[in-house]
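To keep things clear, I will list the structure first and then write my remarks on it.
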Amino acid sequence: MKSSKTLALFATILFAANLQAQQTTLDPQTRQLAHDVFKQLIEINSTDSVGSTTAVAEAMRQRLLDAGFSPSDVVVLGPNPRKGNMVARLHGRPGSTLKPILIICHTDVVEAKREDWTTDPFVFTEKDGFFYGRGTQDMKDSDAAMVMAFIRMKRENYVPDRDLILALTADEEGGKSNGVDWLIKNQRSLIDAEYVVNPDGGGVDMQNGKPLNMDVDATEKLYGDYQLTALNPGGHSSLPVPDNAIYHIANALQRLQNYTFPFELNAITRAYFAKMSTLQSGQTAADMKAILATPPDKAAIQRLSENPEYNSIMHTTCVATRLSGGHANNALPQTAQANVNCRILPGHALEETRQDLIRIFNDPKITVRYVTDGGEVFDSAPDRKALPPAALKPEVMQPLEALVNKMWPGIPVIPTMATGASDGVYTNAAGMPTYGISGIALETNDVRAHGKDERLPIDSYYKGVDFYYQFVKALGSEK
Ligand SMILES: [Zn+2]
């Protein structure tokens with residue numbers, strides 16, 4: 001990593017200049033309320049260890065009631081007292097036959113230790129043009145901005161063409177009570193929708209204060225962990241034999257290292273590379289066009305695969321992430337284990353990938369088991385898969401592109417497949433196409449989600465407040 005104080009200073013000046021240019025049009029009262037809601041959210045601890053998403057849900061319910069929602073339209077519910085979810089409904093015009101639009105926002109945050117941070121992570125701190133606090137990027141910024149959108153729509157008696165539903169949910173970051181999963185299984189009618197907007201994905205990328213593009217996550221990969229185990233009777237290390245548990249694991253991992261899962265594009269990643277090919281230049285642009293041809297150009301795939309992000313978009317990936325084995329320096333190992341973490345392309349199942357791994361390792365001495373997010377180990381994996389993405393909905397993309405053009409003139413809206421995972425995995429699997437759309441602009445080199453001193457430029461927040469309000473209203477007025 002290179003660093004330069006001069007460059008950093010230059011970036012700061014540019015950034016400050018840009019802040020001036022990007023002042024939003026919120027009236028002072030709306031701005032103050034948006035500030036207060038954000039502060040309130042940051043200061044309610046909603047970590048899995050000691051926090052409560054119920055406290056968040058109740059606080060936001062009160063905000064919506066204060067804005068005029070009727071108590072029956074804002075409910076808090078969940079599997080236990082600490083993992084509550086809030087679901088609010090803004091009713092569409094009577095007699096509308098259109099299915100609702102659902103917005104999902106997780107309210108839990110990743111753990112944060114006071115001693116690791118410069119400021120208290122659970123005190124909303126305004127400093128140097130930023131809001132600091134756990135969740136300022138992921139994703140209490142969007143939680144607050146979405147609550148603000150619903151408050152404003154209610155206050156002005158806005159009646160959309162169809163019901164708009166806001167769900168503030170638990171345990172996206174971890175924990176055993178994922179709110180989206182729970183709502184789908186237990187309260188489907190409350191959140192049933194034609195499609196879903198999830199501000200936990202996508203967003204505006206900035207460099208030195210200059211907005212570059214807006215990503216829209218239109219599909220995502222599936223997360224899966226697999227545990228490899230080799231067992232052996234072991235023995236004295238002065239009498240080694242070829243059959244060694246550690247060598248079995250080492251050889252298996254080497255086979256994995258040398259293996260590439262098949263190249264595969266879907267409707268979204270095709271659209272992504274088509275768009276990117278017009279923004280890139282030279283060999284990269286040519287390669288992006290060449291992989292879209294029939295048949296795709298193998299050399300182009302190989303060159304693009306050298307970029308980890310493009311590689312991950314074109315392939316299922318599985319990589320060794322943990323390793324353990326042996327019990328003494330002078331003994332042959334009786335056990336060796338590794339964890340392999342896979343990011344699976346839409347359309348492929350967890351169990352299918354386990355079978356792929358068994359085939360790649362091609363070693364009967366190695367067992368491959370599935371590890372759940374909670375750490376439980378099973379002999380086989382679920383048949384769950386991320387469904388292949390549907391084509392992008394024009395009724396989502398057209399108003400989005402119009403609004404982006406108004407708020408960040410000239411930047412392209414780029415549909416992508418998230419290589420990570422979000423709560424969209426549950427809504428997509430439930431047949432509700434889900435789009436990761438965020439109006440928050442972040443410096444590409446200042447992503448601090450899950451990290452220390454998480455912060456958000458103050459102007460990005462207020463602009464996001466404005467964006468979500470206008471965007472949700474546009475979606476509610478499409479037909
Ligand atoms: Zn998140």
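In listed order, ligands and their atoms are each counted from 1.
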Within 45° cone of Tyr462 ring axis and under 6.0 Å: Arg31 NZ or CZ = yes
inquiry  = Quick check: of its N, O or S atoms, which one does Asp138 have closest to the Zn ion (ligand 1)?
reply    = OD1
query = Okay, side chain of Arg448, backbone of Asp453: is any donor-acceptor separation there less than 3.5 Å?
reply = yes
note = the Zn ion (ligand 1) -> Asp200, closest N, O or S atom is OD1
remark   = Which of Val197, Ile437, Leu400 passes side-chain contact (heavy atoms from CB on, under 4.5 Å) with Leu475? Answer is Val197
ask   = Should the pair Lys473 and Tyr158 be classed as cation-pi, given the thresholds of under 6.0 Å to the six-membered ring centre and 45° from the axis?
value = yes
request  = Name whichever N, O or S atom of His106 ends up nearest to the Zn ion (ligand 1).
outcome  = NE2
